[in-house]
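For the numbers below, each heavy atom of this structure counts, side chains included, while hydrogens, waters and symmetry mates do not. Everything numeric in this text was worked out from a predicted model, so none of it was measured. Position 1 is the first residue of the sequence, and the numbers go up from there.
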Amino acid sequence: MKKIEGLAGAAGQALYRALVLKREAVELVEGTVADPEEEIARFEEIRGKYAEELDQLAQKSADGHGQEAAAIMRAYAVIARDDFFFQKPIKRVRADGISMAYAVEEACQKVCRKFEGMDDPYMKERAVDIRNVCTELIRRLQGVSSTLEIQGDDPVILVAEDLTPEDTIRVDKKKLGGFITQRGGVTSHAVILAKTLGIPAVVGCGEVMTAVESGQKLYLNGSEGWAIVEPDAETEARFRDAHKKQLQLDGLYRHAASQPSVTKDGHQIMVCVNSGDKDSVNGLDATKCDGVGLFRTEFLFMDQTDYPSEQLQYEAYRQVAEAAQGKEIIIRTLDIGGDKQLDYMSLPQEFNPFLGYRAIRLCLDRKEMFLTQLRAILRASAHGKLKIMFPMIVTVEELRQAKALVQQAAQELDQEGVAHAPHVPVGIMIETPAAVLLSDQLAKEAEFFSIGTNDLIQYTAATDRQNERVQYLYTPCNLSVLRAIATVIENGHREGIPVGMCGEAASDPRLGLLLLGLGLDEFSVVPAQVGKVKYMVQHADYGQLAAKVKKLWEFATIEELEAWLASWQEEAGEQL
Ligand code: PEP
Ligand code: MG
């Protein structure tokens, strides 16, 4: 029995046999080839076929589990088809008669070194993409298999150095019981996939590749970030108990999902879902939530080669409005920029994209594009209870300008005789310290707030949400973040507007009761978490919590706070 420590990637526990994904090392020798032209022709055939496969994978993931994965596959296909890049190794093979694999590796190293030397994390990421595409081409040239085929019918826990986005799409999800990877952070592609599939994942484990062999039993705990190789009978029994309990809890949460979100003492809360791709729109079950608390509109723009038309957007918003069956839907206007880039928008290269030209800043600058989106949302408001929400607001001026454009869009529609709801509430995301500090003023002009903790944590704690090294600071239990949340709720309520939360912290089990006690009106979470959050609401005493949270202001450290929150959970019982 051996314990491996790592980072908690995706929650849950699993016990299956391990499948170690050992990629055969490809040995590269410069060598000489008998017929350089034949070598080049073989490469071109392999490259063409690979690019086509990537197109198919992009299609598969667009239909299946995510636009983000589809966008990555499309980017890989662009790299694979980049004649400018590949003409250099081809020329080298033609001139020197060396192996194509060697020439590709050489070209790859050169360009990756250049990209990796740049400060911009976006450009650094591009180096990873080029490396992944070139490695796959080299494998194919050498006839080395890179399939992720899982033999047999039983699920396995995949053990890998890291998983590329391509791996996560190719792998047979039905046989996947969990992941454990040597590298990668808690926002890696493997983790995103694991969360979507509802399976546990542990990442960043150091030497896991040498600690486990295929076929060994592996007990994975994704909630706490560890795994045990070949657990003894006692540990295995512990897992079976935990698993049985989890199944019982799942049953409780399923039932809770179909019940009203009301606390024991009769306080009404909203438990809504976040939605942001075709799947979640198609799968929206309005009977199991109180509405859509965050409808991310980026997918409509990411799935295109040009700006989506008003009609296309209108149809998408109308579809979600109708699926919500009279419940409210908060449509967030375009939040592009930062880590989300679109070729056709020709966005500038920036040193600090997260502090740059993104979200509402870009929309207020590209008014025509923004008006098109606002007109589409207003038109769809004739078919359901829509609200409009602006991302990344940092000044009152931005809110006023954005609201003026909503008014302009409504006037245009009126002049054209096009139907829309007489009043569509307009609110904002609170995801910057600036918005927190101005929330007293913003609350006078916004009709609701929704706290976006994913960004709020990174801007408050000056901690990149994607940087593995500083993940210990990227926590909602950071007291500065909790104070920010408390301030926003208080300022919102003083002006009589509801305050929700649509960042990941809304489903953090450590925080649920605290957020309720602070007065949060709406929790917006991924559909898989709705039942659990509703269960927490249904079993809480709102009045008591409100008195209890006052102590929050007495703590100085994250550690003290975490211990306090853990004691709440202990008191409340494991279901919460
Ligand atoms: C957030 O920042 O919390 C949020 C919900 O927005 P996104 O994750 O889309 O940036
Ligand atoms: Mg955000």
Check your understanding: Would you say the side-chain atoms of Tyr253 pair up with the backbone N or O of Lys534, donor to acceptor, closer than 3.5 Å?
Key -> no

Exercise for review: Would you mind reporting whether Leu57 and Tyr76 have side-chain heavy atoms less than 4.5 Å apart?
Suggested key: no

Check your understanding: Any sub-3.5 Å donor-acceptor pair from His267's side-chain atoms to Thr263's backbone N or O?
Key -> no

Point to revise | Pair Lys288 + Asp285: basic N to acidic O under 4.0 Å | key: yes

Review point. Should the heavy atoms of other residues, nucleotides or ligands under 6.0 Å from CG of Asp241 be counted, would the total exceed 12?
Key: yes

Point to revise | Side-chain heavy-atom pair Cys477, Leu511 within 4.5 angstrom cut-off | key: yes

Practice item. Look only at the side chain of Asn491 and the backbone of Ser439, and say whether a donor-acceptor pair between them is shorter than 3.5 Å. Key: no

Check your understanding: Does Asp290 use its side chain to pair, donor to acceptor, with the backbone of Val271 at less than 3.5 Å?
Key -> yes

Review point. Between Gln529 and Phe523, is any pair of side-chain heavy atoms under 4.5 Å apart?
Key: no

Review point. Between Leu218 and Ala18, what is the shortest heavy-atom contact and its length?
Key: CD2-CB, 4.1 Å

Review point. Mind checking whether Ile180 and Ile157 have side chains closer than 4.5 Å, heavy atoms only?
Key: yes

Check your understanding: Should Ile330 and Glu522 be marked as a side chain to side chain contact (heavy atoms under 4.5 Å, CB included) after you check the CA-CA gap, both sets of side-chain angles, and the distance that decides it?
Key -> CA-CA 12 Å; Ile330 299 180; Glu522 177 182 310; 3.9 Å; yes

Exercise for review: Answer yes or no: is there a donor N or O on one side and an acceptor on the other, between the side chain of Gln182 and the main chain of Gly206, under 3.5 Å?
Suggested key: yes

Review point. After noting the C-alpha distance and the side-chain angles of Leu456 and Ile451, does the key distance pass the side chain to side chain contact (heavy atoms under 4.5 Å, CB included) rule?
Key: CA-CA 8 Å; Leu456 184 60; Ile451 306 174; 3.8 Å; yes

Review point. Would you call Met73 and Glu53 a side-chain contact if the rule is heavy atoms closer than 4.5 Å?
Key: no

Review point. Do Gln246 and Asp250 have a side chain donor and acceptor closer than 3.5 Å?
Key: yes

Check your understanding: Between Asp129 and Ala75, is there a donor-acceptor pair closer than 3.5 Å when you use the side chain of the first and the backbone of the second?
Key -> no

Study note, to complete from the structure: Taking every heavy atom of Ala486 against every heavy atom of Trp553, the minimum-distance pair comes out as CB-CZ2, 3.5 Å

Exercise for review: Report the C-alpha distance between Lys2 and Glu230 in whole Å, list the side-chain angles of each, state the deciding distance to 0.1 Å, and finish with yes or no for salt bridge (charged side-chain N to carboxylate O under 4.0 Å, His left out).
Suggested key: CA-CA 7 Å; Lys2 193 168 19 177; Glu230 291 292 354; over 6 Å; no

Exercise for review: For the residue pair Phe239 and His243, categorise the inter-ring angle as parallel (less than 30°), tilted (30 to 60°) or perpendicular (more than 60°).
Suggested key: parallel

Check your understanding: Is there a side-chain contact between Gln458 and Glu431, using heavy atoms and a 4.5 Å cut-off?
Key -> no

Check your understanding: Between Phe295 and Phe299, how do the two ring planes meet: parallel, tilted or perpendicular, split at 30° and 60°?
Key -> perpendicular

Exercise for review: Check whether more than 12 heavy atoms from other residues, nucleotides or ligands sit under 6.0 Å from atom CD of Glu213, and answer yes or no.
Suggested key: no

Review point. So, are Lys548 and Asp541 salt-bridged, with charged N and O less than 4.0 Å apart?
Key: no

Check your understanding: Would Thr475 and Asn478 count as having a side-chain donor-acceptor pair, cut-off 3.5 Å?
Key -> no

Point to revise | For Lys327 against Cys289, the heavy-atom pair lying closest together | key: NZ-O, 2.8 Å

Point to revise | Residues Gln13 and Tyr219: side-chain donor-acceptor under 3.5 angstrom | key: yes

Point to revise | Where Cys502 and Gly293 come nearest, the two heavy atoms and their spacing | key: CB-O, 4.5 Å

Point to revise | Shortest non-hydrogen contact from Ala256 toward Gly531 | key: CB-O, 3.6 Å

**Study point:** Lys264 to Tyr542, cation-pi by 6.0 Å centre distance and 45° axis angle
**Key:** no

Point to revise | Residues Arg17, Asp154: salt bridge by 4.0 Å N-O rule | key: no

Check your understanding: Hey, does Ile336 have a side-chain heavy atom less than 4.5 Å from the side chain of Arg358?
Key -> no

Exercise for review: Find out whether Met429 and Arg332 are in side-chain contact, i.e. whether some heavy atom of one side chain is under 4.5 Å from a heavy atom of the other.
Suggested key: yes

Point to revise | Donor-acceptor pair, side chain of Gln325 and main chain of Ala286, under 3.5 angstrom | key: no

Practice item. Specify the closest pair of heavy atoms between Gly519 and His493, including all atoms of both residues, with the distance to one decimal. Key: O-CE1, 3.0 Å

Review point. So does Arg183 pair up with Glu161, basic N to acidic O under 4.0 Å?
Key: yes

Exercise for review: Check whether any side-chain N or O of Asn352 sits under 3.5 Å from a backbone N or O of Leu355 as a donor-acceptor pair, and report yes or no.
Suggested key: no

Practice item. Determine whether the side chains of Thr181 and Asp162 contain a donor N or O and an acceptor N or O closer than 3.5 Å. Key: no

Review point. Between the main-chain N or O of Val470 and the side-chain N or O of Thr463, is there a donor-acceptor pair closer than 3.5 Å?
Key: no

Review point. Would you say the side-chain atoms of Thr460 pair up with the backbone N or O of Ile457, donor to acceptor, closer than 3.5 Å?
Key: no

Practice item. Only counting residues at least two apart or in another chain, list the ones meeting salt bridge (charged side-chain N to carboxylate O under 4.0 Å, His left out) with Glu554. Key: Lys551

